Amino acid sequence: MPGGTDQTLRPFLWRATNLYSDTEIVSRNHDGMQRYTYSEYEGRTSQLANALDEYGIESGDRVGTFCWNHSRHFETYFAVPSIGAQLHTINPLLPDAHIQYIVDNADDELIFVDQSLASKLAGAVADADDEFDGVDFVVMGHEAADDLEATPYESFIEGHATDYDWPDVDEDQPAGMCYTSGTTGNPKGVEYTQQMLWSHTMASQTPQGIPMADDDVVMPVVPMFHVNAWGMPFTATAGGAKQVFPGPSPEPEDLATLIENEGVTISAGVPTVWLGLMEYCSEHDVDLSTLETVIVGGSAAPKSMVEWFDTQGVEVLHAWGMTEMAPIGSVSHLKSDLATADYDTQVEKRSKQGLVVPGLEFKVIDDDGEEIVWNGQEFGELWIRGPWVTTEYFERPEANEADFEDGWLKTGDVVTVDKDGYIKIVDREKDVIKSGGEWISSVELENAIMAHDGVAEAAVVGVPHERWQERPVAFVVPAEGADRETLVDEINELLADEYPKWWLPDEIEFIKEVPKTATGKFSKKDIREEYADQSLVEGQVPDEAAPDRN
Ligand code: ADP
């Protein structure tokens, strides 16, 4: 017997507005701080839904957003899917050509855009052929935009009724959409049905996920323009938590102020965000006492970050996920039988990408097509499946063939799994360095190098090599005040202590900054392109560039 209703987002909104009508939503908006309650939120979300109806958005239509994290963006999060339409969040940090491709591919009818991002979008529109034909714009706030013909959001919703009879939407109805950043080729679209977002929210709410309750104050720093800010606006609403949105381009100072003023208990972001906050805290007196949990994901959380937050009484939850899975896949909770393990062992475990969340299954397949043994040593590609893991890309049959098999998503992440079931990402498949037919983890080398005080950032890439196929080269951004004279030797010594000689980078080069992708990750593709002509030739490398096979 099926249940009485489909699995949709509507009950989460219903619960928050009926059980927690006075709980606050606080937002650093372009036009100043905004503070209102779930009850007012539902009123404005209803106004938006009525306005979308009047505009002519129908079930199945796509509505784009080009926005930072703020309350108006949050209003689109429930209004658009709950009228049966599809919320397509667009990453404004992408190059214009990708934005044009995405809007065209998704066939957006209407795009909500931030004041501060309107000129960026206008640039993409101006250069476009016909990708934006028939697309209208609404600019977030009271004012019109300078460079873009757009209706101000407040005029768009003004005068509309503050209630809405939210319909029964089919759980298979696409509710959300996001494109992967496209590290190769054009971005690939992933559609999230109502059921996928519902099940992702429910799994997030389990103790093994990233649960959020009515005594929490939740601040997603991870952008709402990429994979629904890891689903946090939905999870926080389901739990009735107070929500704090840090607004356009938040700086560490903005985050520190919001944590202090609003009593934030849970926040989430990529490692770069937390490195920025840690640095800010070392120079300023910041009160982090309300903060209980920091969720770190998108890229590997360095051990030193886990340890630093421990000293502040804040638990780091290291999470792994992908656009293709809305995105949460694993979280580094400590298993109960590790509660008595020594601190180093615990940190070791907590720094891994963690335990798969309830509802998913995974397997790890090696180069021979066999499943690996869970011994923390053998590695292979992580395959995963579950109710919120997509099984196809939007209109990309050729990509489907490469990335999906028998209902499994082939993640492209190379991992080990230890006997306790902790997944550890050792590399992206395309970033693994193949030296002399053997394998070197660029991620491990990067983390080891970044553990040196004199290093701000480091990226290690494989550079083509005549004899060994590829050899590692490290690109290092020295920290302020670091002694550059001795840094290379010190890094080499540090690595030599931990890794076999053939793992050591052939060269360590200083650079000003590691180029980043539109989702804030190190862009090895850009580094490779920039340094592609620097193929290493025989003689520049130590003899021992492959393991001793004897
Ligand atoms: P893109 O940045 O290309 O859009 P996603 O945002 O979907 O891609 O990122 C997914 C990828 O990010 C994963 O496949 C993995 O390689 C990497 N990733 C995500 N979380 C972590 C983590 N905690 N540690 C290491 N890598 C991670």
Side-chain angles (χ1 to χ4, degrees), residues 89-95 98-99 102 176-192 200 210 222-231 268-274 294-303 305-306 316-333 349-357 360 362 364 379 381-384 388-390 393 399 402-403 408-416 422-432 441-444 446-447 450 459 515-526:
T89 56
I90 306 167
N91 185 338
L93 307 180
L94 289 172
H98 282 183
I99 294 168
I102 282 175
M177 184 177 208
C178 180
Y179 283 71
T180 68
S181 304
T183 28
T184 50
N186 272 328
K188 292 174 279 190
V190 178
E191 294 193 283
Y192 309 120
H200 182 269
I210 48 168
V222 53
M224 289 167 74
F225 56 67
H226 192 58
V227 212
N228 304 326
W230 300 346
V270 294
T272 327
V273 163
W274 304 119
V294 153
I295 303 159
V296 186
S299 303
K303 247 192 224 168
M305 186 174 284
V306 176
V316 165
L317 284 182
H318 188 194
W320 167 86
M322 293 179 79
T323 307
E324 288 83 341
M325 45 194 299
I328 307 282
S330 67
V331 185
S332 66
H333 288 282
K349 294 284 187 191
R350 292 168 53 212
S351 304
K352 295 190 178 192
Q353 278 69 18
L355 303 170
V356 71
V357 297
L360 299 180
F362 74 90
V364 180
F379 58 88
E381 187 187 16
L382 177 61
W383 294 25
I384 199 153
W388 59 94
V389 183
T390 192
Y393 293 113
D403 290 354
W408 294 91
L409 164 69
K410 302 199 258 179
T411 65
D413 284 327
V414 179
V415 306
T416 59
Y422 284 81
I423 297 169
K424 178 175 178 183
I425 298 198
V426 289
D427 229 325
R428 290 289 287 167
E429 210 170 27
K430 55 189 178 299
D431 293 335
V432 166
S441 160
S442 64
V443 172
E444 281 213 25
E446 282 160 10
N447 286 340
M450 285 194 282
K516 311 275 186 328
T517 67
T519 47
K521 297 172 193 180
F522 288 178
S523 178
K524 303 226 188 143
K525 180 173 136 248
D526 286 340

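Just so it is clear, the structure is predicted and the values come from calculations on it, not from any experiment. Positions are given from 1, in the same order as the sequence printed here. Whatever order the structure lists ligands and atoms in, that order sets their numbers, starting from 1.
- Of all atoms in ligand 1, numbered sequentially from 1 with element shown, those under 4.0 Å from a heavy atom of Q353 are 22 (C), 23 (N), 24 (N), 25 (C).
- The shortest heavy-atom contact between A301 and H318 is N-NE2, 3.1 Å.
- In this structure, S330 and I423 approach most closely via the heavy-atom pair CB-CD1, 4.5 Å.
- On a distance-only criterion, T323 and ligand 1 share at least one N/O pair closer than 3.5 Å.
- The atoms of ligand 1 that sit less than 4.0 Å from any heavy atom of A319 are 20 (N), 22 (C), 23 (N).
- Between R428 and ligand 1, an N or O atom pair is found at a separation short of 3.5 Å.
- Considering only non-hydrogen atoms, atom 21 (C) of ligand 1 lies nearest to G298 out of A326, P271, G298.
- Closest non-hydrogen pair, I425 versus V443, comes out as O-CG1, 4.4 Å.
- Taken to the nearest 0.5 Å, the NZ atom of K525 stands 13.0 Å off from the CZ atom of R428.
- Comparing heavy-atom distances from atom 11 (C) of ligand 1 across K521, H226, K430 singles out K521 as nearest.
- Applying the 4.0 Å criterion to heavy atoms of H318 picks out, from ligand 1, the atoms 22 (C), 23 (N), 24 (N).
- Taking every heavy atom of both residues into account, V316 and S332 meet most closely at O-OG, 4.4 Å.
- Not counting sequence neighbours, the partners of E446 by the salt bridge (Lys or Arg N to Asp or Glu O under 4.0 Å) test are K524.
- With a 4.0 Å cut-off on non-hydrogen atoms, D413 touches ligand 1 through its side chain and not its backbone.
- When heavy-atom distances to ligand 1 are checked against a 4.0 Å cut-off, A301 has no atom that comes that close, whether in backbone or side chain.
- Numbered from 1 in the order shown, with element, the atoms of ligand 1 that lie under 4.0 Å from a heavy atom of M322 read 7 (O), 10 (C), 13 (C), 14 (O).
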Check: Taking it one step at a time, do V357 and W388 satisfy side-chain contact (heavy atoms from CB on, under 4.5 Å)?
Finding: CA-CA 11 Å; V357 297; W388 59 94; 3.5 Å; yes
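- When every heavy atom of G297 is checked against every heavy atom of W230, the shortest pair comes out as N-CH2, 3.3 Å.
- When heavy-atom distances to ligand 1 are checked against a 4.0 Å cut-off, S299 comes that close only through its backbone atoms N, CA, C and O.
- The closest approach between T180 and ligand 1 falls below 4.0 Å for a heavy atom of the residue.
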